[in-house]
**Student:** 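First the structure, then my questions, so here it is.
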Amino acid sequence: MEPSHAHVPSQCGRVAPILARIGDKWSILVIMILGDGPMRFNELRRRIGGVSQRMLTFTLRGLERDGYLTRTVFPTVPPRVDYELTPLGQSLRAPVQALGNWAQQHLVTIEDARLRFDEAAKREPPAPPPLRFSP
């Protein structure tokens, strides 16, 4: 059977950081939540829940750097900052949603596999200590 894609080793190094950015849980949540429209930092943080201010700032900067969202500062007192998906960020919503749907559909199967694995690991005898050779 022929692979459905050509593996180009030189491309792996370029693609890996992109997949790392869009594959982390905070980035996925930001992309999905900003799909509802522009949002201020604190509103975004409330909607995500459980993310620290530092981590959300780090995530937003990375997504902005990669072109998934824009940051707009309005000259008010205090300054108002909105975050909004770019067309590139909008194009990422469908694959992220599909992956989330897949996870939901297979959640029970994955949880069962984890349980079987963990139970089997408890029954296995402990591994012997590594051999050590004296010079």
**Student:** Following the transitive rule for hydrophobic clusters with a side-chain heavy-atom cut-off under 4.5 Å over Ile, Leu, Val, Met, Phe, Trp and Tyr, establish whether Leu92 and Ile18 coincide in one cluster.
**Tutor:**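 Yes, it is one cluster - the side chains of Leu92 and Ile18 are joined through contacts under 4.5 Å.
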
**Student:** Only counting residues at least two apart or in another chain, list the ones meeting side-chain hydrogen bond (donor to acceptor under 3.5 Å, both in side chains) with Arg116.
**Tutor:**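 Here no residue qualifies.
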
**Student:** Go through Ile48 and Ile33 one step at a time and tell me if the side chain to side chain contact (heavy atoms under 4.5 Å, CB included) criterion holds.
**Tutor:** CA-CA 8 Å; Ile48 291 174; Ile33 290 171; 3.4 Å; yes

**Student:** Once rounded to the nearest 0.5 Å, what's the spacing between atom CD of Glu119 and atom CG of Leu115?
**Tutor:**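 Going from the CD atom of Glu119 to the CG atom of Leu115 covers 5.5 Å.
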
**Student:** Please list, chain by chain and in numerical order, all residues satisfying salt bridge (charged side-chain N to carboxylate O under 4.0 Å, His left out) with Arg47, sequence neighbours excluded.
**Tutor:**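 Partners of Arg47 by the salt bridge (charged side-chain N to carboxylate O under 4.0 Å, His left out) criterion, ordered by chain and then number, come out as Asp36.
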
**Student:** Listed by chain and number, what are the side-chain contact (heavy atoms from CB on, under 4.5 Å) partners of Ser91, not counting sequence neighbours?
**Tutor:**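 Leu88.
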
**Student:** Within this structure, what is the CZ-CG distance for the pair Arg123 and Asp118, rounded to the nearest 0.5 Å?
**Tutor:**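 Separation between the atoms: 10.5 Å.
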
**Student:** Carefully, step by step, assess Val96 and Ile22 under the rule side chain to side chain contact (heavy atoms under 4.5 Å, CB included).
**Tutor:** CA-CA 9 Å; Val96 166; Ile22 63 175; 5.8 Å; no

**Student:** Should Leu85 and Val73 be counted in the same cluster of Ile, Leu, Val, Met, Phe, Trp and Tyr side chains packed under 4.5 Å apart?
**Tutor:**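 Yes; tracing contacts between hydrophobic side chains, which count when under 4.5 Å, links both residues.
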
**Student:** Return the set of residues passing side-chain contact (heavy atoms from CB on, under 4.5 Å) with Val77 (not counting sequence neighbours), or none when no residue passes.
**Tutor:**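 With sequence neighbours excluded, Val77 shows a side-chain contact (heavy atoms from CB on, under 4.5 Å) to no residue whatsoever.
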
**Student:** How would you list, by chain and number, every residue that makes a side-chain hydrogen bond (donor to acceptor under 3.5 Å, both in side chains) with Asn101, sequence neighbours excluded?
**Tutor:**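 Partners of Asn101 under the side-chain hydrogen bond (donor to acceptor under 3.5 Å, both in side chains) test: Gln97.
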
**Student:** Check whether any side-chain heavy atom of Leu60 lies under 4.5 Å from a side-chain heavy atom of Leu69, and answer yes or no.
**Tutor:**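 Yes - at least one pair of side-chain heavy atoms lies under 4.5 Å apart.
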
**Student:** When clusters are formed by joining ILVMFWY residues with side-chain heavy atoms under 4.5 Å apart, either directly or through shared neighbours, do Met39 and Phe74 land in the same one?
**Tutor:**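 As far as the 4.5 Å side-chain criterion goes, Phe74 and Met39 are not connected within one cluster.
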
**Student:** To the nearest 0.5 Å, what is the distance between NZ (Lys25) and CG (Leu29)?
**Tutor:**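 The CG atom of Leu29 is 8.0 Å from NZ of Lys25, to the nearest 0.5 Å.
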
**Student:** Could you list all the salt bridge (Lys or Arg N to Asp or Glu O under 4.0 Å) pairs where at least one residue sits in residues 74-87, not counting sequence neighbours?
**Tutor:**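 Every salt bridge (Lys or Arg N to Asp or Glu O under 4.0 Å) pair that includes a residue of residues 74-87, provided the two are not neighbours, is Arg80-Asp82.
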
**Student:** Hey, could you give me each pair passing ring pair (Phe, Tyr, Trp, His ring centres under 6.0 Å) that has a residue in residues 23-60? Not counting sequence neighbours.
**Tutor:**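 Counting only pairs at least two positions apart or across chains, no ring pair (Phe, Tyr, Trp, His ring centres under 6.0 Å) contact touches residues 23-60.
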
**Student:** Any ring pair (Phe, Tyr, Trp, His ring centres under 6.0 Å) pairs touching residues 93-129, not counting sequence neighbours?
**Tutor:**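 Matches after skipping sequence neighbours: Trp102-His106.
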
**Student:** Apply side-chain hydrogen bond (donor to acceptor under 3.5 Å, both in side chains) to Arg40 and list each qualifying residue two or more places apart in sequence or on a separate chain.
**Tutor:**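 With sequence neighbours excluded, Arg40 shows a side-chain hydrogen bond (donor to acceptor under 3.5 Å, both in side chains) to no residue whatsoever.
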
**Student:** I'd like to check the side-chain contact (heavy atoms from CB on, under 4.5 Å) partners of Leu107; sequence neighbours left out, ordered by chain and number.
**Tutor:**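 Result, side-chain contact (heavy atoms from CB on, under 4.5 Å) vs Leu107: Glu111.
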
**Student:** Say whether Val30 and Met55 are linked into one hydrophobic cluster, either directly or through other cluster members, by side-chain heavy-atom distances under 4.5 angstrom.
**Tutor:**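 They do share one cluster, since a chain of ILVMFWY contacts under 4.5 Å joins Val30 to Met55.
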
**Student:** Just to verify, what does Arg54 make a side-chain contact (heavy atoms from CB on, under 4.5 Å) with, not counting sequence neighbours?
**Tutor:**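 In terms of side-chain contact (heavy atoms from CB on, under 4.5 Å), with neighbours along the sequence ignored, Arg54 is linked to Ser52.
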
**Student:** If you take all heavy atoms of Thr86 and Gly67, which pair is closest and at what distance?
**Tutor:**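 Between these two residues, the closest heavy atoms are OG1-O, 2.6 Å.
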
**Student:** Rounded to the nearest 0.5 Å, what's the gap from CD on Gln90 to CG on Leu34? Could you check?
**Tutor:**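 The CG atom of Leu34 is 9.0 Å from CD of Gln90, to the nearest 0.5 Å.
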
**Student:** Please list all pairs meeting side chain to side chain donor-acceptor pair (under 3.5 Å) that have one or both residues in residues 57-68, counting only residues at least two apart or in different chains.
**Tutor:**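 Qualifying pairs: Arg21-Asp66.
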
**Student:** Any donor and acceptor pair, going by atom type alone, linking the side chain of Arg71 with main-chain N or O of Val81 inside 3.5 Å?
**Tutor:**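 Flag not set: sc Arg71 to bb Val81 has no pair under 3.5 Å.
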
